[in-house]
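Okay, so here's the structure we're looking at.
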Protein chains: 2
Amino acid sequence: MISSTVENYLKELFLLNPDGETQIATGELAKALSVTPGSATSMIKTLAQAGLVEHRPHYGVKLTNEGRTLAVHVVRRHRIVELFLVNILGMDWSEVHDEAEQLEHVVSDQVISKMDDLLGHPTHDPHGDPIPTPEGTLPVRSLQPLSFCKLGDTVSIARIGNQNTNFLKFAEDNGLLLGATIKVANKNEVADSITIISKGEEVVLGLAAAGRIEVEFA
Amino acid sequence: MISSTVENYLKELFLLNPDGETQIATGELAKALSVTPGSATSMIKTLAQAGLVEHRPHYGVKLTNEGRTLAVHVVRRHRIVELFLVNILGMDWSEVHDEAEQLEHVVSDQVISKMDDLLGHPTHDPHGDPIPTPEGTLPVRSLQPLSFCKLGDTVSIARIGNQNTNFLKFAEDNGLLLGATIKVANKNEVADSITIISKGEEVVLGLAAAGRIEVEFA
DNA sequence: ATTAAACTTTTGATTAATCAAAAGGATTGT
DNA sequence: ACAATCCTTTTGATTAATCAAAAGTTTAAT
Ligand SMILES: [Mn+2]
Ligand SMILES: [Mn+2]
Ligand SMILES: [Mn+2]
Ligand SMILES: [Mn+2]
């Protein structure tokens, strides 16, 4: 049986490199998983042994096709569970990520399939992230970080790429919800900030935070 | 953090001895959990150290109040999850035990509370087992094993005390569902069998199997 | 070409959980 | 009282996952 730990490593490799093109550095993976670099190296070797990743020592690591398939299934479980917790159980989108982080390792395919039916075969989770199909394909959209928008741009929010509970609560409090239409009222590269109009109110964000909000032109 | 393994040990101790009166033998616990006696001894010592059980070496083990409280909460999670899987996700009662065996360790109190609301604060799971309240109290019913019934008794099925998938499928196929009314048509202690009328059909059961079906007089 | 900085890997230890097999108690029959 | 039997506990090993700190590589700067 494949452990939760292994699933987390595979999933994180996928999230850090969804296209499977780049090599991920050991340290980057370690940081993403909150383990020491030595732990990551050790697990990478185990995964390479099992044929789930390709490892070029000192250069980086990359999922194999087999590893990617497993990873995508974990992501599918995670995102369906998240949407289920929000849409069916009525939980807040800011709380469900941590729940899903655990549930993704224990819900069976059958349960996921039932949830999927009940949800009406959704394509995106509560944060705007695409839900892989059971076959492992991902819907693609062309989105742009809010931080790239120019003064006067009117766009709609399509994805919040930050799972932190406090950030999500802040977003919710300021009307920065999926599908919301916003307008760029100011942008100051020097001050590293962007100002938008959301529901008639001005909201100021640092560019780093704005980089985690992805938008599409309406 | 309390591990799944510890939760399984505590839960099993509770299920083997719900009243907390008897001492459970190491071997009995080991068998119930499918581990070797040595493993059970070792875990019992860990649990005793943590104040979750009281251990009298060579005589047996018993939950402390603290251990019992933890155990009851695991049982609550297990049973709410089971009912949720059946009533909301539409799974078969014969399949949900194994799912719940995993989910009971990862669903949060908040998720359980939401499921409980959605289910309308149920008192019994799909097998007729009582669901402990959040405070840890258990509804009590006075049931009797079907094997104790006498010829001519008319009773209704209140609990199936066997989580085995094949047994549950057999029960379902023969109309032995919760609430079903049945009548004892024959009982043969020598042949170790009992015959009942269920939905007009005769069903023959061994007395051991009939002992796992609990009934109440209508 | 050296050296320093930054990163990765290796080494050695630790913890939780488990097993097989040896050793130790308790119980029961003679 | 004395075994025989049946448990339980102990012992010694193993596996997965982790960390701290030492050692090794790569790259970039002088
Ligand atoms: Mn998430
Ligand atoms: Mn996870
Ligand atoms: Mn069950
Ligand atoms: Mn369990």
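Chain letters run A, B, ... following the sequence lines, proteins first and then strands; every chain starts at 1.
Using a 4.0 Å heavy-atom cutoff across all strands shown, Ser3(B) reaches sugar-phosphate atoms only and no base atom. At a threshold of 4.0 angstrom between heavy atoms, the contacts of Thr41(A) include nucleobase atoms, whether or not backbone atoms are also involved. Ala25(B) comes within 4.0 angstrom of sugar-phosphate atoms only, judged by non-hydrogen atoms across all strands, and of no base. Within the 4.0 angstrom heavy-atom criterion, only backbone atoms of the sugar-phosphate kind lie near Thr5(A); the bases stay farther away. The residue Gly27(A) sits close only to the backbone: its heavy atoms come under 4.0 Å of sugar-phosphate atoms, none of a base.
Regarding contacts with the backbone of dT27(D), every side-chain N or O of His58(A) stays at 4.0 angstrom or more from both OP1 and OP2. Considering only side-chain N and O atoms, Thr26(B) lies under 4.0 angstrom from the phosphate OP1 or OP2 of dT9(D). Tyr9(A) has a side-chain polar atom (N or O) that falls below the 4.0 Å cut-off from OP1 or OP2 of dT18(D). Side-chain nitrogen and oxygen atoms of Thr36(B) include at least one within less than 4.0 Å of the OP1 or OP2 phosphate oxygen of dC19(C).
In this structure, the side chains of Val203(A) and Phe170(A) come closer than 4.5 Å at one or more pairs of heavy atoms.
Using the six-membered ring where Trp is involved, His97(A) and His127(A) have ring planes that are perpendicular, over 60° apart on the 30 and 60° scheme.
If you take OH of Tyr59(A) and P of dT25(D), they are 12 Å apart, rounded to a whole angstrom.
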